[in-house]
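Here is the structure we will look at.
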Amino acid sequence: MPAFSPPASFAVSHICLYKSSKRWPIEKYKSIEQNFDILFFAKNAPLTIEFKRLYRSVFESPEPYIAVVSTLGTKKSGLTRDEIVQSTPNIGNDGRLTDILDNLELSGFVRRYSTTGKIRRESIFQLIDNYTLFYFQFIRDYAGKDEEHWSHMRQDQHRIVWEGLAFERICLQHTRQIKSALGISGVATEESAWVKRAANGERGAQIDLVIQRGDRVTNLCEMKFASGEYEISSAYETALRNKMEAFRRETKTKDTLHLTFVTTYGLAHNSHASIARSQVTLDDLFRQ
């Protein structure tokens with residue numbers, strides 16, 4: 001098992017994709033925490049001021065793009081077009097917004113996805129650029145206050161939550177590899193998400209990745225980060241069964257449902273692990 005925190009290494013690699021590693025090399029003899037401090041939190045850290053420079057280098061008039069991603073950064077699961085308009089100053093529901101959203105999607109800052117059972121005009125736009133999300137959460141209001149901020153946050157709840165969300169985003173950015181690991185690369189698929197709002201005393205539920213297959217099987221993907229093998233508890237198994245039943249009831253699907261776990265190091269073998277029909281691990285996400 002690596003000696004460093006895996007999600008931090010994900011972020012370093014993906015944050016630096018848009019820049020040459022020769023410009024800001026990762027110092028291999030330093031820990032991931034130390035490298036994060038150097039890149040983001042030390043005095044004159046190079047990636048502290050990169051946010052506006054990044055958007056100016058990609059978009060000729062960056063201000064409306066920054067306004068839209070700032071709005072999207074407030075909601076983890078994303079927003080509909082109407083919600084973006086309602087929450088973003090000086091943005092109308094017109095062709096200009098269409099161009100902004102299309103360009104953000106094409107350049108990889110945003111992903112557009114549909115909710116299972118919904119029509120395309122109700123698509124949800126989700127901010128997935130790792131640097132932008134990290135900037136909003138940790139850099140924008142903090143840079144310069146503590147030059148070893150990331151090292152000092154090792155057990156901080158905000159960092160722990162971010163690690164889990166970062167792992168989810170990495171999974172969503174590697175759906176091709178997930179399908180390959182499942183052996184369904186040659187099967188026609190449609191990817192979406194599913195959300196059930198809490199109502200009438202019932203709890204809400206969400207599945208971030210639903211893979212509907214042409215062979216009448218649907219993979220419901222649970223993405224869980226853990227520093228070792230992930231252990232499914234009795235209570236969690238019950239919650240998963242309830243979620244699968246709610247999905248079948250709400251979507252009225254006749255497909256066979258396969259629960260797939262995407263984890264860092266696989267599932268711990270206990271009496272509850274058999275609920276998972278298939279597994280995908282971190283190594284699978286980075287296979288070519």
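- There is no path of hydrophobic side-chain contacts, each under 4.5 Å, that joins Leu165 to Ile170.
- Between the side chains of Ser192 and Ser114, no donor N or O sits under 3.5 Å from an acceptor N or O.
- Under 3.5 Å, the side chains of His272 and Asn270 contain no donor-acceptor pair of N or O atoms.
- Of all non-hydrogen atoms in Thr281 and Thr264, the two that sit nearest each other are CB-O, 3.9 Å.
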- Task: Just do the ring pair (Phe, Tyr, Trp, His ring centres under 6.0 Å) check on His174 and Phe286 with the steps written out, would you?
- Result: CA-CA 8 Å; His174 290 80; Phe286 291 93; 5.0 Å; yes

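- Residue-environment remark: CZ (Arg154) stays at or below the threshold of 12 foreign heavy atoms within 6.0 Å.
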- For Phe36 and Phe138, what are the C-alpha separation, side-chain angles and deciding distance, and is it a ring pair (Phe, Tyr, Trp, His ring centres under 6.0 Å)? CA-CA 11 Å; Phe36 256 51; Phe138 295 107; 8.8 Å; no

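- By the rule that hydrophobic residues join a cluster once side-chain heavy atoms approach within less than 4.5 Å of another member, Ile139 and Trp162 end up as members of one cluster.
- Each of Tyr135, Tyr131, Tyr55 was scored for a side-chain contact (heavy atoms from CB on, under 4.5 Å) with Glu50, with one residue passing: Tyr131.
- Residues that satisfy the side chain to side chain contact (heavy atoms under 4.5 Å, CB included) test with Glu60, not counting sequence neighbours, are absent from this structure.
- For the pair Phe109/Val58, a side-chain contact is recorded, criterion being any heavy-atom separation below 4.5 Å from C-beta on.
- The distance from atom CG of Asp156 to atom CD of Glu163, rounded to the nearest 0.5 Å, is 10.5 Å.
- In this structure, the salt bridge (Lys or Arg N to Asp or Glu O under 4.0 Å) partners of Arg241, at least two apart in sequence or on a different chain, are Glu237.
- Salt-bridge annotation for Arg96 and Asp94: absent, with no side-chain N of the basic residue lying under 4.0 Å from a carboxylate O of the acidic one.
- Going from atom CD of Gln279 over to atom CG of Leu259 covers 10.0 Å, rounded to the nearest 0.5 Å.
- Contact annotation: the side chain of Leu101 approaches that of Val68 to within less than 4.5 Å [non-hydrogen atoms, C-beta and beyond].
- Here the side chains of Met223 and Leu172 are in contact, with some heavy-atom distance below 4.5 Å.
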- With side-chain contact (heavy atoms from CB on, under 4.5 Å) as the test, would you mind laying out the steps for Gln34 and Glu27 before giving the verdict? CA-CA 9 Å; Gln34 289 172 317; Glu27 298 187 32; over 6 Å; no

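- Ile128 and Val195 end up in different hydrophobic clusters when Ile, Leu, Val, Met, Phe, Trp and Tyr side chains are linked at under 4.5 Å.
- Nearest heavy-atom pair across Leu79 and Glu83 is CA-OE1, 3.4 Å.
- For Thr263, the side chain to side chain contact (heavy atoms under 4.5 Å, CB included) partners two or more places apart in sequence, or in a different chain, are Lys224, Tyr230, Phe261, Leu267.
- Checked by atom type and distance alone, the side chain of Thr71 pairs as donor or acceptor with a backbone atom of Ala67 at under 3.5 Å.
- What you find for Ala273 and Ala268 is that their closest heavy atoms are CB-O, 3.5 Å.
- Using a 4.5 Å heavy-atom cutoff, the side chains of Val210 and Leu220 are in contact.
- Linking Ile, Leu, Val, Met, Phe, Trp and Tyr whenever their side-chain heavy atoms come within less than 4.5 Å puts Leu47 and Ile32 in one cluster.
- Within the 4.5 Å cutoff, the side chain of Glu147 has no heavy atoms near those of the Phe41 side chain.
- Distance OG1/Thr189 to CG/Leu182: 10.5 Å, rounded to 0.5 Å.
- Within the 3.5 Å criterion, the main-chain N or O of Ile66 finds a donor-acceptor partner in the side chain of Ser70.
- Under the 4.5 Å side-chain heavy-atom criterion for grouping Ile, Leu, Val, Met, Phe, Trp and Tyr, Ile178 is not connected to Val217 through any hydrophobic cluster.
- A distance of 14.0 Å separates OG1 of Thr48 from CZ of Arg140, quoted to the nearest 0.5 Å.
- Considering only heavy atoms from C-beta on, Ile124 stays 4.5 Å or farther from Ser77 through its side chain.
- Here CD of Glu190 is found 14.5 Å from CZ of Arg213. Values are rounded to the nearest 0.5 Å.
- Contact check for Asp284 versus Val262: no side-chain heavy atoms found under the 4.5 Å cut-off.
- Between Ala205 and Trp194, the shortest heavy-atom contact is CB-CZ3, 3.8 Å.
- Shown are Ile100, Leu104, Asp129; of these, the side-chain contact (heavy atoms from CB on, under 4.5 Å) with Val69 is made only by Leu104.
- When all heavy atoms are compared, the tightest approach of Leu285 to Gln177 is O-CG, 3.4 Å.
- Taking the six-membered ring where the residue is Trp, Phe225 and Phe167 present tilted rings, their angle falling between 30° and 60°.
- Applying the side chain to side chain contact (heavy atoms under 4.5 Å, CB included) test to Ile49 and every residue at least two apart in sequence or in another chain returns Arg53.
- For the pairing with Thr218, the side chain to side chain donor-acceptor pair (under 3.5 Å) check across Thr256, Asp255, Thr253 returns one residue only, Asp255.
- The distance from atom CD1 of Ile232 to atom CD of Glu222, rounded to the nearest 0.5 Å, is 9.0 Å.
- Checking Gln126 against Arg111 by side-chain atom types alone, a donor-acceptor pair falls below 3.5 Å.
- Under the 4.5 Å side-chain criterion, counting only non-hydrogen atoms from C-beta, Pro46 is in contact with Leu39.
- For residues 61-104, the set of pairs meeting the ring-ring contact (aromatic ring centres under 6.0 Å, His included) definition, not counting sequence neighbours, comprises Phe59-Tyr65.
- Between Asp37 and Ser151, the shortest heavy-atom contact is OD2-OG, 2.6 Å.
- Evaluation of the side chain to side chain contact (heavy atoms under 4.5 Å, CB included) rule for Arg277 yields His258 as partners, not counting sequence neighbours.
- Checking Leu127, Asp208, Val161, Leu133 one by one against Lys76, the side-chain contact (heavy atoms from CB on, under 4.5 Å) holds for a single residue, Asp208.
- Between the side chain of Arg159 and the main chain of Trp150, a donor-acceptor pair closer than 3.5 Å is present.
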- Query: Checking side-chain contact (heavy atoms from CB on, under 4.5 Å) for the pair Ser278/Asn219: CA distance, chi angles, key distance, verdict?
  - Reply: CA-CA 9 Å; Ser278 52; Asn219 290 84; 4.0 Å; yes

